[in-house]
Undergrad: 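Can you keep this structure in mind? I'll have questions shortly.
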Amino acid sequence: MDSNPTAAIAHEIPHFFRVYKDGRVERFRNHDFAPASDNPQTGARSKDVVIVPENNVSVRFYLPKITQDDQKFPLIVYFHGGGFTIESAFSTYYDSYLHSVAAETNVLAISVEYRLAPEHKIPACYDDAWAVMKWVAQGTDPWLKTHADFSRVFLAGDSAGANIAHNMMMRSSVDEDKHTIGLRLVGMALIHPFFGNDEPDKIWTYICPENPRSDDPRFNPAVHPSLLSRLVCPKVLICTAGSDFYKDRGWTYYEALKGSGWGGEVEIKETEGEDHVFHLVDTNCENARCLMKWLADFFHQTG
């Protein structure tokens, strides 16, 4: 027996985190930090803005190369993945990827830094994301005022970030603020989405004690088609990967949305032979470039 009580483990999710009985949290993959910067190769620029100081909620803007001072771009609000428990909008992974998204798809992107579980359990990430949504709708930031095309606003994310994007779209669809949020949400891109299925999920069960069941509509929207029918945006793109453990979750969401009575258009594209979020691991591989092309077409052919 370990004589040091502070070393005793209270809970562990392999590959993600360990919680000790003294309350400490150890993450098995800590992200590094990439500062905001200009990219001389692409011409894209980035900057950080703090939204909710008391909760450390902030965003990183990515502005593509401009050819006119008042040039407008589709606006993308992006939510990073990591099982609700790891990663950051400011990590090298996501900073590099969002720079590429802005430069290669020619959009103004906003990447959201939200609080992570298990220190901040559900619904903290959703509350933080909604605070950013309301801030974006105000349009007070100079880059938003000058360069955001508010007639073409998209939500996007990968893995758990795709889950958050879906929930922000649903909240925009059914929340009492739906008439005042002021965003014309024309599309949603979900990359390798982390949704639940009929089986208990170790991460969700621990980080959502208020409703640990797999039928929570925030985690498993496919079992609540009446809610899906209210989705406010007219077009959804779902991207899956052929070797991804979560692939079937994306297909289940696709079928549920198609059969819900929602009046929009949903498309699903699968990358054969690739694993979960492969495009973050190797951003220059042929399949990652193909996925980027799908996103570019979606952002510029929708709206």
Side-chain angles (χ1 to χ4, degrees), residues 33-39 42-53 55-66 71-82 87-91 93-115 125-169 171-172 181-191 233 237 280 292 295-296 298-300 302-303:
F33 176 82
S37 63
D38 295 347
N39 189 317
T42 66
R45 302 164 56 198
S46 63
K47 71 172 184 177
D48 297 339
V49 179
V50 176
I51 309 301
V52 187
N55 290 334
N56 294 318
V57 180
S58 54
V59 299
R60 177 162 291 178
F61 275 89
Y62 296 88
L63 178 67
K65 184 177 182 179
I66 58 175
Q71 188 172 356
K72 302 288 187 182
F73 302 94
L75 176 61
I76 315 300
V77 182
Y78 193 93
F79 304 96
H80 72 80
E87 271 300 337
S88 166
F90 305 137
S91 72
Y93 260 157
Y94 282 100
D95 181 69
S96 175
Y97 180 64
L98 268 296
H99 261 294
S100 296
V101 168
E104 296 180 33
T105 72
N106 211 35
V107 299
L108 173 60
I110 294 176
S111 185
V112 180
E113 179 76 346
Y114 53 86
R115 287 174 292 173
C125 62
Y126 300 132
D127 292 342
D128 294 349
W130 188 245
V132 170
M133 293 278 288
K134 292 193 291 185
W135 176 82
V136 169
Q138 294 172 3
T140 55
D141 182 88
W143 281 15
L144 286 174
K145 283 182 177 180
T146 305
H147 297 297
D149 180 354
F150 279 101
S151 71
R152 300 173 68 199
V153 182
F154 296 81
L155 303 186
D158 65 273
S159 194
N163 176 294
I164 295 173
H166 160 80
N167 278 282
M168 292 306 98
M169 191 66 77
R171 189 161 181 176
S172 300
I181 192 172
L183 293 175
R184 184 170 181 265
L185 297 165
V186 299
M188 178 169 63
L190 306 180
I191 305 170
C233 68
L237 172 66
L280 299 177
M292 188 72 77
L295 293 177
F298 182 68
F299 294 147
H300 289 280
T302 301

Undergrad: Donor-acceptor pair, distance only, cut-off 3.5 Å: does the side chain of E113 make one with the backbone of A89?
TA: yes
Undergrad: Which atom names give the shortest non-hydrogen contact between F298 and G187, and what distance separates them?
TA: CZ-CA, 4.1 Å
Undergrad: Is it true that the NZ or CZ of R60 lies under 6.0 Å from the centre of F33's six-membered ring and within 45 degrees of the ring axis?
TA: yes
Undergrad: Applying ring pair (Phe, Tyr, Trp, His ring centres under 6.0 Å) to H80 and Y114, what does each step give before you reach the verdict?
TA: CA-CA 9 Å; H80 72 80; Y114 53 86; 4.4 Å; yes
Undergrad: Between the side chain of H147 and the main-chain N/O of K72, is any donor-acceptor distance below 3.5 Å?
TA: no
Undergrad: Quick check: do Y126 and I164 have side-chain heavy atoms less than 4.5 Å from each other?
TA: yes
Undergrad: Do you know which two heavy atoms are closest between A44 and A103, and how far apart they sit?
TA: CB-CB, 4.4 Å
Undergrad: Report the C-alpha separation of F150 and L183 in whole Å, then their side-chain angles, then the decisive distance to 0.1 Å, and conclude whether the side chain to side chain contact (heavy atoms under 4.5 Å, CB included) test is met.
TA: CA-CA 7 Å; F150 279 101; L183 293 175; 3.9 Å; yes
Undergrad: Nearest 0.5 angstrom please: T146 OG1 to I66 CD1, how far?
TA: 8.5 Å
Undergrad: For a 4.5 angstrom cut-off between non-hydrogen side-chain atoms, does V186 reach F154?
TA: yes
Undergrad: Testing the basics here: between E104 and A296, what is the closest heavy-atom pair and its distance to 0.1 Å?
TA: O-CB, 4.4 Å
Undergrad: Is the shortest heavy-atom distance from the side chain of V59 to the side chain of D48 under 4.5 Å?
TA: no
Undergrad: Would you call M188 and M168 a side-chain contact if the rule is heavy atoms closer than 4.5 Å?
TA: no
Undergrad: Hey, are the side chains of N163 and F79 touching, using non-hydrogen atoms and a 4.5 Å cut-off?
TA: no
Undergrad: Quick one: closest heavy-atom pair of P64 and N106, and the distance?
TA: CB-OD1, 3.8 Å
Undergrad: Are Y97 and M292 close enough that some pair of their side-chain heavy atoms sits under 4.5 Å apart?
TA: yes
Undergrad: What heavy-atom pair brings P53 and I51 nearest, and what distance separates the two atoms?
TA: CD-O, 3.6 Å
Undergrad: Return the CE to CG distance between M133 and L185, rounded to the nearest 0.5 Å.
TA: 5.0 Å
Undergrad: Could you grab the distance from atom CG of N55 to atom CG of D128, nearest 0.5 Å is fine?
TA: 5.5 Å
Undergrad: To the nearest 0.5 Å, what is the distance between CG (D141) and CZ (F61)?
TA: 4.0 Å
Undergrad: Which of these, L75, L98, V101, sits in a side-chain contact (heavy atoms from CB on, under 4.5 Å) with V107?
TA: V101
Undergrad: Can you tell if the side chain of F299 reaches within under 4.5 Å of the side chain of I76, non-hydrogen atoms only?
TA: yes
Undergrad: Tell me yes or no: between the side chains of D95 and Y62, is some donor less than 3.5 Å from an acceptor?
TA: yes
Undergrad: Could D38 and K47 be called an ion pair, given the rule that one side-chain N must be under 4.0 Å from one carboxylate O?
TA: no
Undergrad: Hey, mind stepping through V49 and I110 against side chain to side chain contact (heavy atoms under 4.5 Å, CB included) and telling me if it holds?
TA: CA-CA 10 Å; V49 179; I110 294 176; over 6 Å; no
Undergrad: To check you understand the geometry: which heavy-atom pair defines the closest contact between V52 and A131, and what is its length?
TA: CG2-CB, 3.9 Å
Undergrad: If you round to the nearest 0.5 Å, how far is NE2 of H99 from CG of N39?
TA: 5.5 Å
Undergrad: How far does OG of S172 sit from CZ of R184, to the nearest 0.5 angstrom?
TA: 14.0 Å
Undergrad: Main chain of F90, side chain of S88: is a donor-acceptor contact present, judged purely on distance under 3.5 Å?
TA: yes
Undergrad: Quick check: does any side chain N or O of T105 sit under 3.5 Å from a backbone N or O of L295, one acting as donor and the other as acceptor?
TA: no
